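Predicted model only: the values in this text are computed from it and were never measured.
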Amino acid sequence: MIRLHPNHKKTLLKSTALCLFFSLSLPITALAEGKLNIYCSVQNTACEKISQAFGEKYNVKTQFVRNSTGTVLGKIKTEKDNPQADVWYGGTLEPHLQAADLGLLEKYRSPNQKDIMPKFRKLMDLRGDYTSVIYVMELAIGINTKKLKALNIEPPKCFKDLLEPRFKNQIQYADPRVSGTGYSFITTLVALWGEDKAFDYLAKLNKNVAQFSKSGLATNNLATGEVTVDVSFMNAYLYEQEKGAPVEGILPCEGIGYTLGATSIIKGARNLDNAKLFTDWALTAEAQELHWQEANSYQLPANVHAKLYPKTHFPPIANFIELNVIRFGSAEESKRLIQRWADTT
C-alpha cells in the first residue's frame with residue numbers, strides 16, 4: 001500500500017477536482033468524439049457537406065454512403081441483424097415511416113422537434129418517436145424550355161396536360177419501386193383524384209413516358225434534353241437552373257403535392273450517442289440552411305427559424321393538397337400501391 005504525505009494528498013485532491021471541473025466544462029464538441037456512419041438520400045454534395053460540417057463541429061469521424069430512399073430501405077432491411085450505418089439522413093418520409101413499422105429504427109424523439117413548422121407538428125406528435133421532419137419538397141413538373149421551343153410544344157400547366165399526344169416519348173419520372181420521389185407522385189395523384197382515377201391516369205401517361213429514372217434526382221436527363229418533361233421536386237429544378245440549364249419547374253394547376261424529408265436513427269446503431277447528437281443538429285436552422293448555402297440543395301427547411309434560399313418562393317400553405325402521410329407511409333399500403341403501379345405499367 002502506498003502512503004502519501006498529507007501535502008501530497010491535498011495536491012492530489014486539488015488535481016482531481018480540477019480535472020473533474022475541466023471535463024464537465026469542456027464543450028460538447030470535445031466530448032462527442034468517435035464515429036458516425038450515415039446512409040444519405042439527398043444530393044451527393046449535400047451529403048458531403050452535412051457529413052463534414054457535423055464531423056468538424058462535434059469532433060466526430062463521419063462517413064456517408066449516398067443512395068435513393070428505396071435503395072437505403074432495402075439495405076437497412078438486409079442489414080437488420082448487422083447494421084452498417086447509424087443514421088439515415090434525407091429522402092422522402094414515407095420509407096422512413098415504413099422502416100419504423102418494420103422495427104428497423106431506433107426510438108428517439110429529439111427536443112428540437114419543437115422548431116418544426118406547425119403544419120407538421122401533429123404528424124410529429126403521432127410519429128416523431130422514430131423519425132423527424134427536416135425539409136419540405138413541392139412536387140412539380142419540370143420542363144426543358146429550350147427543347148420545348150425547338151419542338152414547338154406548348155409547356156404543360158397541369159398534370160392532365162401530360163396525357164396529350166404532343167408529349168409522346170417526351171416524359172420521365174422516377175420508378176417508385178426504387179425511388180421515394182416516384183412513390184410521392186403516386187400518392188399525390190391518389191390524394192387528388194382517388195385511387196382508381198389516379199391509376200387510370202398513370203396507365204394513360206405511360207404511353208407518353210420515354211423512361212423511368214432510378215432516382216428523383218436524375219434531372220440531368222432533363223437538363224441535357226434527353227427528355228423534355230420530368231416529374232420531380234421543385235428543388236431539383238432550382239439546382240439545374242443554378243448550373244445554367246434551360247430548366248423550369250411548374251407547380252401543377254390541380255394543387256401542390258409534396259413530400260417531407262426525414263432523418264432517423266437505425267436500430268442497433270453502433271454509435272448511438274453520436275446518432276442522437278446528429279439528429280438534434282440536423283433539426284437546427286444551422287444544419288438546414290447549409291443545404292442551400294454550401295451544397296446547391298434547395299429544399300424548403302422545416303425549421304421555422306431557418307432562412308430560405310433567396311430565390312425560393314414558399315407557396316401558400318392553402319395550395320398544398322391534403323396528404324394522409326401516415327396512410328401512405330405504412331409498409332403495407334406502400335407495397336400495395338407500388339405493386340398496382342407495376343401491374344399498370
Side-chain angles (χ1 to χ4, degrees), residues 42-43 68-69 90-94 135-148 153-164 167 170-176 179-193 198 201-202 205 208-213 215-243 245-261 291-292 296-302 308-309 311-323 325 328:
V42 293
Q43 289 96 329
S68 68
T69 49
T92 50
L93 175 67
E94 290 85 356
Y135 57 78
V136 185
M137 299 190 298
E138 325 99 285
L139 193 70
I141 301 169
I143 59 171
N144 184 305
T145 55
K146 183 178 179 180
K147 189 169 182 184
L148 278 176
I153 296 177
E154 186 75 18
K157 296 179 181 179
C158 311
F159 284 135
K160 289 183 177 179
D161 293 342
L162 302 183
L163 301 183
E164 296 179 6
F167 293 112
Q170 301 297 330
I171 298 172
Q172 163 188 280
Y173 71 90
D175 186 332
S179 169
T181 306
Y183 182 61
S184 290
F185 186 30
I186 294 176
T187 61
T188 294
L189 298 176
V190 171
L192 280 171
W193 302 321
Y201 169 87
L202 287 167
L205 180 65
N208 286 347
V209 171
Q211 61 189 29
F212 299 106
S213 61
S215 169
L217 300 179
T219 49
N220 58 300
N221 296 332
L222 180 68
T224 60
E226 183 177 335
V227 294
T228 310
V229 178
D230 176 73
V231 179
S232 186
F233 295 112
M234 184 64 78
N235 60 291
Y237 306 133
L238 287 172
Y239 173 71
E240 296 296 351
Q241 282 181 356
E242 288 299 306
K243 293 195 300 180
V247 167
E248 289 183 10
I250 298 166
L251 294 173
C253 70
E254 292 93 347
I256 303 171
Y258 64 91
T259 194
L260 303 172
H291 280 256
W292 64 263
N296 298 323
S297 186
Y298 306 110
Q299 300 96 328
L300 301 171
L308 298 177
Y309 171 59
K311 295 182 181 180
T312 296
H313 299 287
F314 198 108
I317 289 294
N319 291 351
F320 284 80
I321 65 174
E322 288 301 319
L323 283 173
V325 177
F328 293 131

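The shortest distance between side-chain heavy atoms of Leu205 and Leu163 falls below 4.5 Å. Counting only heavy atoms from C-beta outward, the side chains of Leu93 and Val325 approach each other to under 4.5 Å. A heavy-atom distance below 4.5 Å is found between the side chains of Glu242 and Lys311. Put simply, the side chain of Leu202 reaches to within 4.5 Å of the side chain of Tyr173, judged on heavy atoms. Side-chain contact check for Thr312 versus Leu300: some heavy-atom pair is nearer than 4.5 Å. Here the side chains of Asp230 and Tyr237 are in contact, with some heavy-atom distance below 4.5 Å. Taking the side chain as every heavy atom from C-beta outward, Glu240 and Leu222 never approach each other to under 4.5 Å. Using a 4.5 Å heavy-atom threshold, the side chains of Leu148 and Phe167 count as touching.
A distance of 6.5 Å separates OH of Tyr309 from CG of Leu238, quoted to the nearest 0.5 Å. A distance of 13.0 Å separates OG1 of Thr92 from OH of Tyr258, quoted to the nearest 0.5 Å. Atom CD in Glu226 sits 11.5 Å away from atom CD in Gln170 (nearest 0.5 Å). A distance of 8.0 Å separates CD1 in Ile321 from CG in Leu189, rounded to the nearest 0.5 Å. Note that CD1 of Ile250 is 8.5 Å distant from CE of Met234, once rounded to the nearest 0.5 Å. Taken to the nearest 0.5 Å, the CD atom of Glu94 stands 7.5 Å off from the CG atom of Leu323.
Thr69 and Gly90 make their closest contact through CG2-O, 4.4 Å (heavy atoms, listed as atom of the first residue, atom of the second, distance). Between Phe328 and Val190, the closest heavy-atom pair is CZ-CG1, 3.9 Å. Of all the heavy atoms in Ala140 and Leu251, the pair that sits closest is CB-CD2, 4.2 Å. Leu139 and Ser184 get closest at one heavy-atom pair: CD2-O, 4.2 Å. Residues Pro301 and Leu308 share a closest heavy-atom pair of CD-CD2, 3.4 Å. The minimum heavy-atom distance between Ser297 and Gln43, with the atom names listed, is OG-OE1, 3.0 Å.
Side chain of Lys147 to main chain of Gly225: a donor-acceptor pair is present (N/O by atom type, distance under 3.5 Å, no hydrogens or angles). At least one donor-acceptor pair closer than 3.5 Å links the side chain of Gln241 to the backbone N or O of Val247. The main-chain N or O of Gly91 is found under 3.5 Å from a side-chain atom of Tyr135 such that the two form a donor-acceptor pair. Remark: the backbone N or O of Leu162 is paired with a side-chain donor or acceptor of Asn208 at under 3.5 angstrom.
Under the side-chain hydrogen bond (donor to acceptor under 3.5 Å, both in side chains) criterion, Asp161 pairs with no residue, sequence neighbours left out. Glu254 meets the side-chain contact (heavy atoms from CB on, under 4.5 Å) test with Cys158, Phe159, Lys160, Leu192, Trp193, Pro252; sequence neighbours excluded.
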Open item on the list: Before you tell me yes or no, could you show the steps for His291 and Asn235 under side chain to side chain contact (heavy atoms under 4.5 Å, CB included), namely the whole-Å CA-CA distance, both residues' side-chain angles and the distance that decides it to 0.1 Å?
Closed with: CA-CA 11 Å; His291 280 256; Asn235 60 291; over 6 Å; no
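Looking at Tyr298 and Asn296, their side chains do bring a donor and an acceptor atom within 3.5 Å of each other.
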